[in-house]
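For the numbers below, each heavy atom of this structure counts, side chains included, while hydrogens, waters and symmetry mates do not. Just so we're on the same page: letters track the sequence lines, and every chain starts at 1.
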Number of protein chains: 2
Amino acid sequence: MNIGQASATSGVSAKMIRYYEDIGLMPKAGRTEAGYRVYTAADVNTLRFIRRARDLGMPIERIRLLVSLWQDRARSSGDVKRIALEHVSELRTKIAELTAMCEALEGLAHACHGDHRPDCPILEDLEAGGQQAPARVRRRRRIDAGQSQPGATA
Amino acid sequence: MNIGQASATSGVSAKMIRYYEDIGLMPKAGRTEAGYRVYTAADVNTLRFIRRARDLGMPIERIRLLVSLWQDRARSSGDVKRIALEHVSELRTKIAELTAMCEALEGLAHACHGDHRPDCPILEDLEAGGQQAPARVRRRRRIDAGQSQPGATA
DNA sequence: CCTTGACCTTCCCACGATGGGAAGCCCCAT
DNA sequence: ATGGGGCTTCCCATCGTGGGAAGGTCAAGG
């Protein structure tokens, strides 16, 4: 099987297949006399395994661990689970960060009337470094009004 | 004020300050005769504005828009709000993606006994391309057992 | 005055994972 | 034999950030 076929049946782009080989995530593919890479059905399975792990958001290094465990008949499922839970934990951290950002911005946007007037709590918050209480952003008390004049940069 | 002071008081690294200048997000800083960059308090405010926007997860190009709006006294708060809500929408999309990954992996990890035995639903799912029903992963029915022998890659 | 150390400058490289594209070779079908 | 599509390698770009080298500058203390 050529790389194009392997790509089509695994769902991994040819570019990525070469890259995975390059970084040692995939074993070196066999070659035809002309230098074309040759893939077996087992290779395609590995590629699919990798793609699936990528779909779960795993970084290459974690996938590398999982692949070696996968190929190790004497593995402990506990090791696999530990890696999986580690990733779950990182995902949760990331989700929490994004959620915090999202909520902060939603609160700001909610407080913004969003009409033709220039007056805007979002900009004010950005300007003030988010120091104000998120609730009741109404009272904008002109923090450092002298210096923070936009446009006075030069 | 030198770049070190500007960095310390704005919370943006000197490296990033130079980068922002380079890509035109910050105006070109003034220079001393020796070539040192010189910053004003207004510059530091801009830097803080940018940092705060970055903290909300915004990409540079969106921040660029926001900064120009911020410095435009004739802006409409509606424009600002639109940009903010656009970002909220992207954050929500990202959160949904991560949540889906997280839940999938949690389900798999839950089904894994996690002991010394090699038997592992996580690996089986990765191998099978996530085709099985997520609930009741208990029945692992040896999908394609002939081909998918790990380790048979070469 | 000279040295020392902290600061500044520019330039290059790296990350992680992916895509784009160019130059050139190969294979198959017509 | 010729054309088109597939393959090869190599380089570059993304995005935002950090690291580090080589060299200039400034301020303080001997």
* Under 4.0 angstrom, heavy atoms only, what part of the nucleic acid is A:Thr32 near: base, sugar-phosphate, or nothing? ->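 Nothing: the residue A:Thr32, judged by heavy atoms under 4.0 Å, touches no strand.
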side-chain N/O [X] vs [N] OP1/OP2, d < 4.0 Å:
| X | N | result |
| --- | --- | --- |
| B:Arg37 | C:dT10 | yes |
| A:Ser13 | C:dG19 | yes |
| A:Tyr20 | C:dT18 | yes |
| B:Tyr39 | C:dC8 | no |

* Asked: Salt-bridged, A:Glu127 to B:Arg52, with N to O below 4.0 Å?
  ->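 Salt bridge between A:Glu127 and B:Arg52, a charged N being under 4.0 Å from a carboxylate O: no.
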* **NZ/NE/NH1/NH2 to OD/OE distance under 4.0 Å, B:Glu21 and B:Arg18** =>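 No.
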Between [atom2] on [N] and [atom1] on [X], what's the gap in Å once rounded to a whole number?
| X | N | atom1 | atom2 | value |
| --- | --- | --- | --- | --- |
| A:Leu25 | C:dG16 | CG | P | 13 Å |
| B:Ile63 | D:dC15 | CD1 | P | 13 Å |
| A:Ile23 | C:dA14 | CD1 | P | 16 Å |
| A:Asn2 | D:dT8 | CG | C1' | 12 Å |
| A:Asp55 | C:dT18 | CG | C1' | 14 Å |
| A:Met58 | C:dG16 | CE | C1' | 16 Å |
| A:Asp22 | C:dT18 | CG | P | 14 Å |
| A:Arg51 | C:dA17 | CZ | C1' | 16 Å |

* To do: Would you state whether a donor and an acceptor, one from the side chain of B:Tyr36 and one from the base of C:dC7, lie under 3.5 Å apart?
  =>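 Such a pair exists between side chain and base.
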* Asked: Counting only distance, no hydrogens or angles, is the base of D:dG20 paired donor-acceptor with the side chain of B:Lys15 under 3.5 Å?
  ->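 Between D:dG20 and B:Lys15, which were checked side chain against base, a qualifying N/O pair under 3.5 Å is present.
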* Starting at CG of A:Leu69, measure out to SG of B:Cys120 and round the result to the nearest 0.5 Å. =>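 Answer for the CG-SG pair, A:Leu69 versus B:Cys120, is 8.0 Å.
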Selection from [options] that lies nearest to any side-chain heavy atom of [X]:
| X | options | answer |
| --- | --- | --- |
| A:Arg54 | D:dG18, C:dT18, D:dT9 | C:dT18 |
| B:Ala34 | D:dT25, C:dC26, C:dG19 | D:dT25 |
| A:Arg18 | C:dT9, C:dT18, D:dT9 | D:dT9 |
| B:Arg31 | C:dA17, C:dT9, D:dT9 | C:dT9 |

* Asked: Can you list every pair that meets ring pair (Phe, Tyr, Trp, His ring centres under 6.0 Å) and has a residue in residues 14-61 of chain B, with sequence neighbours left out?
  ->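 Pairs touching residues 14-61 of chain B that pass the test: B:Phe49-B:Trp70.
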Hey, are the side chains of [X] and [Y] touching, using non-hydrogen atoms and a 4.5 Å cut-off?
| X | Y | answer |
| --- | --- | --- |
| A:Glu90 | A:Arg62 | yes |
| B:Met101 | A:Asp55 | no |
| A:Leu98 | A:Ile95 | no |

* Asked: Starting at the 5' end of DNA chain C, which residue's closest nucleotide do you reach first, B:Val38 or A:Pro59?
  ->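 Nearest nucleotide further toward 5': that of B:Val38.
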* How bent is the helix from C:dC1-D:dG30 to C:dT30-D:dA1, comparing axes over its five end pairs at each side, to the nearest 10°? ->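 Roughly 40° between the end axes, to the nearest 10°.
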* Map B:Tyr19 and A:Gln5 onto DNA chain D by nearest heavy atom, then report which one ends up closer to the 5' terminus. =>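 Residue closer to the 5' terminus by nearest nucleotide: A:Gln5.
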* B:Asp72 side chain to B:Ala74 main-chain N or O, any donor-acceptor pair under 3.5 Å? ->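 Between the backbone of B:Ala74 and the side chain of B:Asp72 there is a qualifying donor-acceptor contact (under 3.5 Å).
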